[in-house]
Amino acid sequence: MADASKMTALVTGASRGIGLAIARELAGVGYNLALVARSEEDLKRVSDEIASEFAVRVKPVVADLSSVDSYSYIVSETVSAFGGLDLLVNCAGLAQLGSFAEVSPAQWDAIFAVNAKAPFFICREALPYLEQSAKPIIINIASVVGFKGYINQSVYSSSKHALTGFTKVLAKEVQPFGIRVHLISPGGVATDMVRKMRPDIKAEELLQPEEVAEIVRFLVTRKGTGTIDQFYLRRYTSLAFD
Ligand SMILES: NC(=O)c1ccc[n+]([C@@H]2O[C@H](COP(=O)([O-])OP(=O)(O)OC[C@H]3O[C@@H](n4cnc5c(N)ncnc54)[C@H](OP(=O)(O)O)[C@@H]3O)[C@@H](O)[C@H]2O)c1
């Protein structure tokens with residue numbers, strides 16, 4: 001097992017789905033965790049479960065990432081609890097389904113706030129602490145919709161294109177500080193989000209959240225110096241997200 005003991009990861013969107021699978025995988029590697037979501041009850045439950053199963057320290061940080069105040073709050077809560085920050089995983093996200101003609105400015109703002117604006121400014125808040133880390137890493141969870149365009153997903157797709165574009169620039173801007181930046185862009189993953197948004201897609205065409213988490217584990221444990229910027233991940237038996 002790779003040794004990440006005494007290292008700290010901040011994972012947003014960790015109360016369920018992909019973020020929860022990533023949190024569990026990181027706990028298995030030995031990271032102490034700050035886990036972010038809005039639902040206090042879910043977050044406390046999963047934090048207690050992970051802490052007892054993996055013998056790591058887990059701090060639930062309840063925050064709504066659509067609020068600008070949350071960016072500094074979640075980073076400062078993490079650093080207060082653990083003394084630093086080594087890994088940031090921006091995973092929280094919201095989807096939308098419906099024709100672009102039906103989208104209101106308020107809906108557009110709500111989705112961009114969580115999917116694009118929050119990761120941008122959380123990275124900025126985290127930067128001074130990542131600069132102090134011996135192994136600093138940022139992983140942003142975008143989507144295949146950050147490259148492709150699927151009908152009725154205009155705002156979701158636009159927001160993930162924004163996150164994808166930001167991550168490309170970020171990787172270059174923080175390279176001088178030795179911070180590795182990775183973008184993971186999954187196709188359909190079997191979570192509440194996809195079950196609500198794409199009930200037409202068969203279960204056998206979906207990835208499991210643990211498959212995304214496995215990529216994260218690879219990225220945080222590998223020893224090489226080669227850069228792997230982007231993972232575009234879809235189920236090999238599925239053409240739904242080609
Ligand atoms: N599922 C897929 O097919 C798929 C494919 C590609 C990419 N992705 C991306 O992967 C990420 C995770 O998706 P998922 O499928 O795991 O979704 P999910 O099951 O709906 O989980 C979303 C997570 O984000 C949190 N969250 C949502 N809005 C938030 C807010 N305003 N403030 C703080 N936390 C918030 C949720 O917690 P609370 O509700 O408690 O706040 C939850 O922990 C998203 O960025 C999504 O776009 C998903």
Side-chain angles (χ1 to χ4, degrees), residues 10-25 33-47 50 60-71 73-75 77 88-97 106-107 109-122 139-148 150 153 155-164 166-167 182-203 205-213 215-216 230-235 238 240-241:
L10 167 57
V11 183
T12 71
S15 61
R16 60 175 185 270
I18 297 169
L20 174 56
I22 291 171
R24 292 180 57 82
E25 196 73 46
L33 298 169
L35 303 182
V36 175
R38 290 165 302 180
S39 45
E40 186 167 6
E41 197 181 321
D42 291 348
L43 207 51
K44 174 125 190 17
R45 177 177 45 77
V46 302
S47 296
I50 293 171
V61 182
V62 178
D64 183 346
L65 299 178
S66 59
S67 156
V68 295
D69 297 335
S70 67
Y71 317 145
Y73 172 72
I74 65 169
V75 172
E77 286 289 294
L88 168 62
V89 182
N90 283 301
C91 184
L94 291 178
Q96 149 270 355
L97 193 62
Q107 285 172 316
D109 285 344
I111 290 170
F112 263 74
V114 178
N115 292 4
K117 187 175 178 182
F120 187 109
F121 288 104
I122 296 167
I139 300 176
N140 288 342
I141 309 298
S143 167
V144 294
V145 309
F147 294 86
K148 307 268 178 180
Y150 298 114
Q153 298 186 35
V155 191
Y156 183 51
S157 185
S158 307
S159 68
K160 292 294 186 176
H161 272 73
L163 178 60
T164 299
F166 162 58
T167 307
H182 305 288
L183 180 75
I184 303 180
S185 302
V189 184
T191 68
D192 291 353
M193 175 186 281
V194 90
R195 278 188 281 272
K196 274 186 217 147
M197 200 165 126
R198 295 294 304 272
D200 55 306
I201 293 181
K202 299 186 193 98
E205 296 203 87
L206 296 171
L207 298 159
Q208 294 304 312
E210 291 73 19
E211 295 180 69
V212 181
I215 303 291
V216 170
Q230 296 180 36
F231 278 83
Y232 187 90
L233 187 70
R234 70 168 178 83
R235 183 133 185 195
S238 170
F241 298 93

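Just so you know, these numbers use all the heavy atoms, side chains as well, and skip hydrogens, waters and symmetry mates. Counting starts at 1 for both ligands and their atoms, in listed order.
Annotation for ligand 1: atoms under 4.0 Å from non-hydrogen atoms of L94 are 28 (N). Residue D64 approaches ligand 1 through these ligand atoms, each under 4.0 Å from one of its heavy atoms: 30 (C), 31 (N), 32 (N). Every atom of ligand 1 with a heavy atom of V114 under 4.0 Å away is listed here by number and element: 31 (N). Proximity to S39 (heavy-atom distance under 4.0 Å) selects the following atoms of ligand 1: 38 (P), 40 (O).
For atom 5 (C) of ligand 1, the nearest non-hydrogen atom from the set G187, G13, A110, S185 belongs to G187. Of the candidates R38, R16, K196, the one placing a heavy atom closest to atom 41 (O) of ligand 1 is R38. Checking I18, I184, V194 against atom 4 (C) of ligand 1, the nearest heavy atom belongs to I18. In the candidate list P119, P186, A63, A118, P186 is nearest to atom 6 (C) of ligand 1, counting heavy atoms. Which of S66, C91, G17 comes nearest to atom 12 (C) of ligand 1 through a heavy atom is settled by distance: it is C91. Looking at L65, N115, V36, I141, it is L65 that brings a heavy atom closest to atom 32 (N) of ligand 1. For atom 37 (O) of ligand 1, the nearest non-hydrogen atom from the set G188, A14, S15 comes from S15.
V46 and S15 get closest at one heavy-atom pair: CG1-O, 3.8 Å. The shortest non-hydrogen separation linking P186 to L207 is CB-CD1, 4.3 Å.
Judged by distance alone, the side chains of S159 and N115 do bring a donor and an acceptor atom under 3.5 Å apart.
Applying the side chain to side chain donor-acceptor pair (under 3.5 Å) test to N90 and every residue at least two apart in sequence or in another chain returns N140.
Atom CZ of R198 sits about 9.5 Å away from atom CG of L206, to the nearest 0.5 Å. Note that CD1 of I139 and CD1 of I184 are 5.5 Å apart. Values are rounded to the nearest 0.5 Å. Rounding to the nearest 0.5 Å places CZ of R16 at 8.0 Å from CE of M193. Taking NE2 of H161 as the reference point, atom NZ of K148 lies at 10.0 Å (rounded to 0.5 Å). Rounding to the nearest 0.5 angstrom, the gap separating the NZ atom in K160 from the CD atom in Q153 is 11.5 Å.
Residue D42 places every heavy atom at 4.0 Å or more from ligand 1. In this structure, K160 is part of the shell of residues with a heavy atom less than 4.0 angstrom from ligand 1.
Side chain of S66 to backbone of A110: no donor-acceptor contact under 3.5 angstrom is found.
For A142, every heavy-atom contact with ligand 1 shorter than 4.0 Å involves the backbone, none the side chain. By the criterion of a heavy-atom distance under 4.0 Å, neither the backbone nor the side chain of L20 is placed next to ligand 1. Contacts with ligand 1 closer than 4.0 Å are made by no heavy atom of A95, backbone or side chain.
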